[in-house]
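Read the structure below first, then the notes.
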2 protein chains.
Amino acid sequence: MARSRGDALELAVLGLLSQAPMHGYELRKRVTSLLGWGRVLSYGSLYPCLRTMQQEGLITEDTTTEPPTARPSRRGKVVYKLTAEGKERFATLASAGGPSAWDDENFGVHFAFFGSISTENRLRILEGRRSRLEERLEGVRSTLARSRERLDSYTLELQRHGLESVEHEVRWLTELIDNERVDRQARAADGPQTITSSAGTVPPAAENRE
Amino acid sequence: MARSRGDALELAVLGLLSQAPMHGYELRKRVTSLLGWGRVLSYGSLYPCLRTMQQEGLITEDTTTEPPTARPSRRGKVVYKLTAEGKERFATLASAGGPSAWDDENFGVHFAFFGSISTENRLRILEGRRSRLEERLEGVRSTLARSRERLDSYTLELQRHGLESVEHEVRWLTELIDNERVDRQARAADGPQTITSSAGTVPPAAENRE
DNA sequence: TTCGTCATGTAATGGGTTACATGATTAC
DNA sequence: GTAATCATGTAACCCATTACATGACGAA
């Protein structure tokens with residue numbers, strides 16, 4: 001029934017609402033197109049999630065938009081915004097570098113909100129994702145080595161292409177990691193007098209949930 | 001309860017059993033590693049599916065393996081094989097070029113069994129998959145064009161990488177399609193009298209299973 | 001006035017994983 | 001004899017999709 005909400009969807013909603021208040025319809029469009037969501041997010045999934053989050057006090061209806069036309073009878077058209085608690089939760093979830101952040105469905109959402117977290121946390125997530133993929137690579141390579149000659153050409157080609165795709169993502173991650181490191185380096189060299197940027201939103205040693 | 005079995009899993013089981021009889025445990029390993037399955041297939045998913053398929057008469061227990069040690073009391077260790085009906089079903093499902101074959105979860109499984117279907121059907125599936133991806137590309141490109149300046153750099157980078165990955169797969173598909181076309185051409189030019197050499201002409205796509 | 005899009009919501013259902021329970025076989 | 005792996009199976013749960021029902025608003 002109302003028992004929805006996987007972490008990924010909650011983070012997505014929190015993150016999008018942290019950028020601007022909006023209603024469910026718009027949220028759906030953005031989750032579907034902007035994050036690495038892959039499939040279309042359905043209302044049957046989104047609305048129950050919004051309700052739950054509202055009950056938990058993470059979001060509220062935003063009554064500041066469109067205040068003059070106070071027509072109480074109008075159905076729907078609810079604009080949601082984050083509460084203080086919701087903002088806190090977003091900071092926590094987005095920065096969480098635990099294993100759940102490195103898998104396929106979650107990583108994209110985390111990445112899309114990298115602008116809201118510290119370089120340290122970005123690095124943690126990026127590196128975690130990369131080593132996750134490297135494990136996968138290792139697994140595929142070893143099964144391939146063990147059974148290459150027994151596989152027909154199409155199965156082999158499928159494996160080859162899969163390997164190639166993952167390798168491509170690993171290279172991408174490596175570039176991103178290098179950039180973040182340069183960034184960190186630059187900030188460190190900049191000297192300790194700059195307080196603002198270093199750990200901005202969340203203390204460097206963020207929690208591991210789960 | 002026993003109401004499992006999406007098309008992908010059924011096709012996977014049928015295809016693997018068409019290569020050799022085996023038991024559930026081995027099936028799970030192969031589905032997980034050989035096809036483009038992505039995640040680990042769970043027993044909670046596989047065994048109910050096998051039962052259903054057995055009830056439908058697509059598979060049976062293979063008693064020919066290990067016949068001397070006729071110990072009827074032994075639990076489990078059931079080797080499954082295809083029935084005639086199962087072989088028929090496999091041929092039908094594997095060749096089916098409908099829209100369901102082009103989406104992410106199904107395409108890999110279909111591709112892995114390309115060795116069992118005709119060049120025509122391979123082309124249908126390959127082309128369907130490609131146009132599916134091209135639609136996706138078009139969608140991403142247009143939303144990107146509409147909102148590029150409003151996106152923060154990480155979201156943008158995510159889109160860019162997503163685009164790149166899909167483009168990569170499209171190029172891969174195009175190569176495969178070209179190979180299949182050359183193959184078909186060669187067979188046509190070869191004339192109706194030579195039946196034997198059908199798939200031998202082009203390196204990448206040779207050899208039917210076993 | 002009707003069509004397309006915006007907008008919200010629910011019920012049924014589907015198909016999967018997790019965690020658990022059980023036991024045989026092999027290697028050390 | 002014991003640990004690891006092979007092997008089969010069930011029940012509980014999770015979370016998403018599908019299909020449906022409803023209705024407002026703007027433009028042609």
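Below, read A as the first sequence line, B as the second, and so on, with proteins coming before strands; counting in each chain starts at 1.
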Let me know the distance between [atom1] of [X] and [atom2] of [N], rounded to the nearest Å.
X: A/Leu50; N: D/dA16; atom1: CG; atom2: P; value: 12 Å
X: A/Leu41; N: D/dA16; atom1: CG; atom2: P; value: 8 Å
X: A/Tyr43; N: C/dA7; atom1: OH; atom2: P; value: 9 Å
X: A/Gln54; N: C/dT8; atom1: CD; atom2: C1'; value: 13 Å
X: A/Met53; N: C/dT8; atom1: CE; atom2: P; value: 15 Å
X: B/Leu46; N: C/dG15; atom1: CG; atom2: P; value: 16 Å
X: B/Tyr47; N: C/dT17; atom1: OH; atom2: C1'; value: 16 Å

### Task
Identify, residue by residue, the members of residues 94-105 of chain B with a heavy atom below 4.0 Å from DNA chain D, and return them in order of residue number, or none.
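Residues of residues 94-105 of chain B under 4.0 Å from DNA chain D: none.
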### Counterpart residues, side-chain hydrogen bond (donor to acceptor under 3.5 Å, both in side chains), relative to B/Gln185 (two or more places apart)
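Listed in chain order: nothing, the list is empty.
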### Message
Suppose we screen for side-chain hydrogen bond (donor to acceptor under 3.5 Å, both in side chains). Which residues come up paired with A/Thr174, at least two apart in sequence or across chains?
### Response
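A/Thr174 satisfies side-chain hydrogen bond (donor to acceptor under 3.5 Å, both in side chains) with A/Arg130 only.
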### Query
So, are A/Glu127 and A/Arg181 salt-bridged, with charged N and O less than 4.0 Å apart?
yes
Would one find a side-chain N or O of [X] under 4.0 angstrom from OP1 or OP2 of [N]?
X: B/Arg51; N: D/dG9; value: no
X: B/Ser45; N: C/dT17; value: yes
X: A/Arg39; N: D/dT17; value: yes

#### Entry: Pairs flagged by side chain to side chain donor-acceptor pair (under 3.5 Å) wherever residues 13-26 of chain A is involved - sequence neighbours left out
A/Glu26-A/Arg30
### Message
Which residues pass the ring pair (Phe, Tyr, Trp, His ring centres under 6.0 Å) test with B/Phe111, not counting sequence neighbours?
### Response
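Here the qualifying residues are A/Tyr154, B/Phe107, B/Phe114, B/Trp172.
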### ring pair (Phe, Tyr, Trp, His ring centres under 6.0 Å) partners for B/Tyr43, two or more places apart
B/Tyr47
### Query
Residues in salt bridge (Lys or Arg N to Asp or Glu O under 4.0 Å) with B/Glu105, at least two apart?
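Scan of B/Glu105 (salt bridge (Lys or Arg N to Asp or Glu O under 4.0 Å), adjacent residues dropped) gives none.
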### Query
What pairs of residues pass the salt bridge (Lys or Arg N to Asp or Glu O under 4.0 Å) test when at least one of them lies in residues 91-104 of chain B, not counting sequence neighbours?
B/Asp104-B/Arg129, B/Asp104-B/Arg136
### Task
Please identify each residue that fulfils side chain to side chain contact (heavy atoms under 4.5 Å, CB included) with B/Gln54, with sequence neighbours left out.
B/Ile59, B/Glu61, B/Tyr80
### Query
Among residues 22-36 of chain A, which residues get a heavy atom nearer than 4.0 Å to DNA chain C?
A/His23, A/Gly24, A/Tyr25
### Task
Specify the angle, to 10°, made by the local axes at the two ends of the helix from C/dT1-D/dA28 to C/dC28-D/dG1 when five pairs are taken at each end.
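End-to-end axis angle: 30°.
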### Minimum heavy-atom distance between B/Asn121 and B/Ser95, given as atom pair plus value
ND2-CB, 3.5 Å
Donor-acceptor pairs are to be reported for all side-chain atoms of residues 33-40 of chain B against protein atoms at under 3.5 Å, with residues two or more places apart or in another chain.
residue	atom	partner	partner atom	Å
B/Ser33	OG	B/Lys29	O	3.0
B/Arg39	NH1	B/Trp37	O	3.3

#### Entry: Minimum-distance nucleotide (side-chain atoms of A/Val78 versus D/dT10, D/dT8, C/dT8)
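Between D/dT10, D/dT8, C/dT8, the one nearest the side chain of A/Val78 would be C/dT8.
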